[in-house]
Amino acid sequence: MDKNEFKNELPSNYEQLKISASRASNWRERLDAVEELGQWKNKQTIALLTNRMKNDAVYKVQEAAFRKLKEFGEDIQLPPRKKGADFEKWLENT
């Protein structure tokens with residue numbers, strides 16, 4: 001698939017990806033869900049990616065959602081990194 005070529009329908013596992021993207025206890029699962037959702041450009045995935053970009057506790061997940069939205073051509077800004085980044089770096093390495 002070309003970098004700018006996206007599927008417009010919902011993935012067959014959308015509901016599971018939606019749950020995974022919101023799973024507070026596992027940031028890696030949220031990151032994987034964001035990466036997969038980024039292959040499907042439609043209203044629901046854009047809304048879900050926007051939510052992860054704005055609200056995820058782990059900046060790496062926010063950045064991944066931001067990159068996918070930019071690839072979709074969305075006019076967005078990456079939120080600033082929140083204080084407590086040292087804790088987040090530790091969390092990412094666990």
Side-chain angles (χ1 to χ4, degrees):
M1 182 167 53
D2 186 349
K3 185 176 181 177
N4 293 324
E5 187 178 316
F6 305 102
K7 302 168 194 167
N8 291 321
E9 65 275 3
L10 281 176
S12 60
N13 61 342
Y14 174 74
E15 288 302 319
Q16 182 58 44
L17 289 171
K18 185 177 173 181
I19 291 167
S20 294
S22 300
R23 193 172 309 277
S25 64
N26 190 334
W27 72 269
R28 287 184 179 100
E29 188 173 342
R30 294 193 311 274
L31 181 62
D32 291 343
V34 163
E35 293 294 340
E36 188 167 345
L37 287 164
Q39 298 174 31
W40 305 83
K41 183 180 179 182
N42 59 59
K43 189 168 82 170
Q44 291 97 324
T45 58
I46 290 171
L48 191 52
L49 290 170
T50 301
N51 179 276
R52 288 298 84 208
M53 181 191 73
K54 290 180 177 179
N55 300 308
D56 204 277
V58 176
Y59 199 68
K60 187 177 265 191
V61 176
Q62 288 181 309
E63 289 176 313
F66 170 78
R67 279 193 315 276
K68 294 299 181 181
L69 290 165
K70 276 301 210 186
E71 288 174 12
F72 288 167
E74 295 295 305
D75 184 22
I76 54 167
Q77 296 287 329
L78 181 63
R81 189 175 211 129
K82 296 175 185 159
K83 291 187 179 191
D86 290 336
F87 173 74
E88 185 174 304
K89 283 183 184 179
W90 172 83
L91 181 64
E92 289 174 359
N93 292 320
T94 60

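Heavy-atom basis, side chains included; hydrogens, waters and symmetry copies ignored. Since the model is a prediction, treat every value here as computed from it, not as a measurement.
- When all heavy atoms are compared, the tightest approach of Glu63 to Leu78 is CA-CD1, 4.1 Å.
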Verdict with reasoning, Phe66 to Val34, per side chain to side chain contact (heavy atoms under 4.5 Å, CB included): CA-CA 10 Å; Phe66 170 78; Val34 163; over 6 Å; no
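- In plain terms, the two heavy atoms of Ala33 and Ala21 that are nearest each other are CB-N, 3.7 Å.
- To the nearest 0.5 Å, atom CG of residue Leu49 and atom CG of residue Leu37 are 5.5 Å apart.
- Two residues are said to be in side-chain contact when any heavy atoms from C-beta on lie closer than 4.5 Å; Thr45 and Lys68 fail this criterion.
- In this structure, the separation between CG on Asn51 and NZ on Lys18 is 10.5 Å, given to the nearest 0.5 Å.
- Residues Leu31 and Ala64 approach most closely at CD1-CB, 3.4 Å, considering heavy atoms.
- The side-chain heavy atoms of Arg67 and Glu35, taken from C-beta on, include a pair separated by under 4.5 Å.
- What you find for Met53 and Gln77 is that their closest heavy atoms are CE-O, 3.7 Å.
- Taken to the nearest 0.5 Å, the CD1 atom of Ile76 stands 9.0 Å off from the NZ atom of Lys54.
- With a 4.5 Å cut-off on side-chain heavy atoms, Phe6 and Asn42 do not count as touching.
- Val61 and Trp40 sit in two unconnected hydrophobic clusters of ILVMFWY residues. Membership requires side-chain heavy atoms under 4.5 Å apart, directly or through other members.
- In this structure, Arg30 contributes its side chain and Ala24 its backbone to a donor-acceptor pair below 3.5 Å.
- With a 4.5 Å cut-off on side-chain heavy atoms, Leu48 and Gln44 do not count as touching.
- Counting non-hydrogen atoms of other residues, nucleotides and ligands closer than 6.0 Å to CD of Glu9 gives a total above 12.
- Other residues, nucleotides and ligands contribute more than 12 heavy atoms inside 6.0 Å of the NZ atom of Lys70.
- A distance of 15.0 Å separates NZ in Lys7 from NZ in Lys41, rounded to the nearest 0.5 Å.
- If you take CG on Asp75 and CG on Leu69, they are separated by 11.0 Å, rounding to the nearest 0.5 Å.
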